[in-house]
Amino acid sequence: MKAAGAFRWTVAAAVLAAMLASALSFRADAQSEYMRGDRMPYDAFDRLPRTDLEVPGGTIHVAFAPGDITLPKEQLLDWIRMSARAVTTYYGRFPVASLRLLLVPVDGGRIRGGTTWGYRGAAIRIPLGRDSTEDVLRRDWVMVHEMVHTALPDMPDRYAWLSEGLAVYVEPIARVQAGDLNAREIWRAMMRDMPKGLPQAGDQGLDNTGTWGRKYWGGAMFCLLADIEIRKRTNNRLGLQDAMRGVLAAGGNHEQDWSIERIFATADKAVGVDVLTRLHNEMGPKPMTPDLAALWRDLGLKRIGEDIEFDDTAPLAAIRKAITAPHVQQRD
């Protein structure tokens with residue numbers, strides 16, 4: 001009896017182990033299909049069940065790769081809706097008529113970046129930690145960052161600083177305008193992180209320097225300087241937001257291939273001043289080091305320990321407020 005029982009338990013254990021191995025293998029194979037390489041798995045996505053979310057100007061087709069996620073599906077869809085609301089607030093509508101959005105469950109409790117494509121239609125892939133909490137979703141910036149990418153035409157890799165820098169700059173502003181962040185929080189972050197984008201030894205300008213700091217924060221610095229200068233030259237009537245809305249209105253989203261010159265010419269035309277083209281001529285081919293301390297002071301930003309204080313008497317305080325204020329459509 002003992003020997004027979006032991007044999008049965010051995011067989012059962014072997015079967016169970018085989019089933020677990022098979023399940024893990026299936027999950028790994030499924031995961032690799034959706035995460036393999038640096039291309040969007042369009043064909044695999046199109047085989048998945050989808051949930052369609054209607055947003056102003058478009059539809060987001062949401063699909064989940066195989067795997068467990070702790071949070072209920074409806075909370076994840078609310079996170080996507082919240083992110084889309086911020087983007088539509090900034091651009092006036094969702095940047096593309098149709099977006100494939102793939103969520104891939106991965107280990108952990110955080111959102112592990114994301115990637116956006118447009119070569120077979122706008123698409124975003126987000127690796128989502130299966131143990132992510134509601135608080136993680138509420139504080140997330142990745143989804144908005146990736147959605148902002150859909151509003152800019154595709155360009156050669158040397159101009160990735162504009163794509164990434166614009167997403168870094170627009171994402172928090174869009175979330176403030178949508179009521180999901182407060183202005184003090186994002187200006188504090190800019191003061192802390194913007195110096196990472198300053199040129200270092202050997203820098204050859206934004207177009208020719210592919211370091212992380214220059215790509216992300218150097219690009220964001222370009223956007224901030226452009227926003228301020230557009231507002232100076234239009235008596236604070238228009239800003240970078242209006243310029244980028246102009247690009248979108250001209251058909252320039254991520255499904256299109258445009259030159260950087262065409263993007264800037266279109267954006268400049270939308271606001272009636274050639275700020276972006278001129279600033280690119282200054283910062284693109286060679287390094288330019290703005291005086292950030294003076295800029296923060298003129299914007300009315302003063303560091304107080306780990307926090308900041310606003311000075312509304314500063315020369316550019318009105319511009320600082322306008323950048324994060326809800327957009328008002330200007331009439332001729």
Could you tell me which non-hydrogen atom of [X] sits nearest to which non-hydrogen atom of [Y], and how far apart they are?
X	Y	answer
A65	P105	O-CD, 3.5 Å
L48	P66	CD2-CD, 4.5 Å
K286	N281	NZ-O, 3.2 Å
F45	Y34	N-CE2, 4.2 Å
H61	R50	CB-CD, 4.0 Å

To the nearest 0.5 Å, what is the distance between [atom1] ([X]) and [atom2] ([Y])?
X	Y	atom1	atom2	result
M283	M288	CE	CE	4.5 Å
L276	F222	CG	CZ	5.0 Å
L99	T116	CG	OG1	8.0 Å
T234	E229	OG1	CD	9.5 Å

Short N-O contact, [X] and [Y], less than 4.0 angstrom:
X	Y	result
R214	E164	no
E282	R278	no
D242	R237	no

Heavy-atom donor-acceptor pair, T89 side chain to A174 backbone, under 3.5 Å = no
Taking the side chain as everything from C-beta on, heavy atoms only, tell me whether [X] gets closer than 4.5 Å to [Y].
X	Y	value
L71	W79	no
P95	H254	no
W187	V176	no

request  = Could you check K215 against D157 for salt bridge (Lys or Arg N to Asp or Glu O under 4.0 Å), going step by step and ending with a plain yes or no?
outcome  = CA-CA 11 Å; K215 182 186 294 185; D157 287 345; over 6 Å; no
query = Considering residues, nucleotides and ligands other than E306, do more than 12 of their heavy atoms fall under 6.0 Å from its CD?
reply = no
query = What do you reckon, is CG of D52 surrounded by more than 12 foreign heavy atoms closer than 6.0 Å?
reply = yes
ask   = Within 45° of the six-membered ring axis of Y119 and under 6.0 Å from that ring's centre, is NZ or CZ of R39 located there?
value = yes
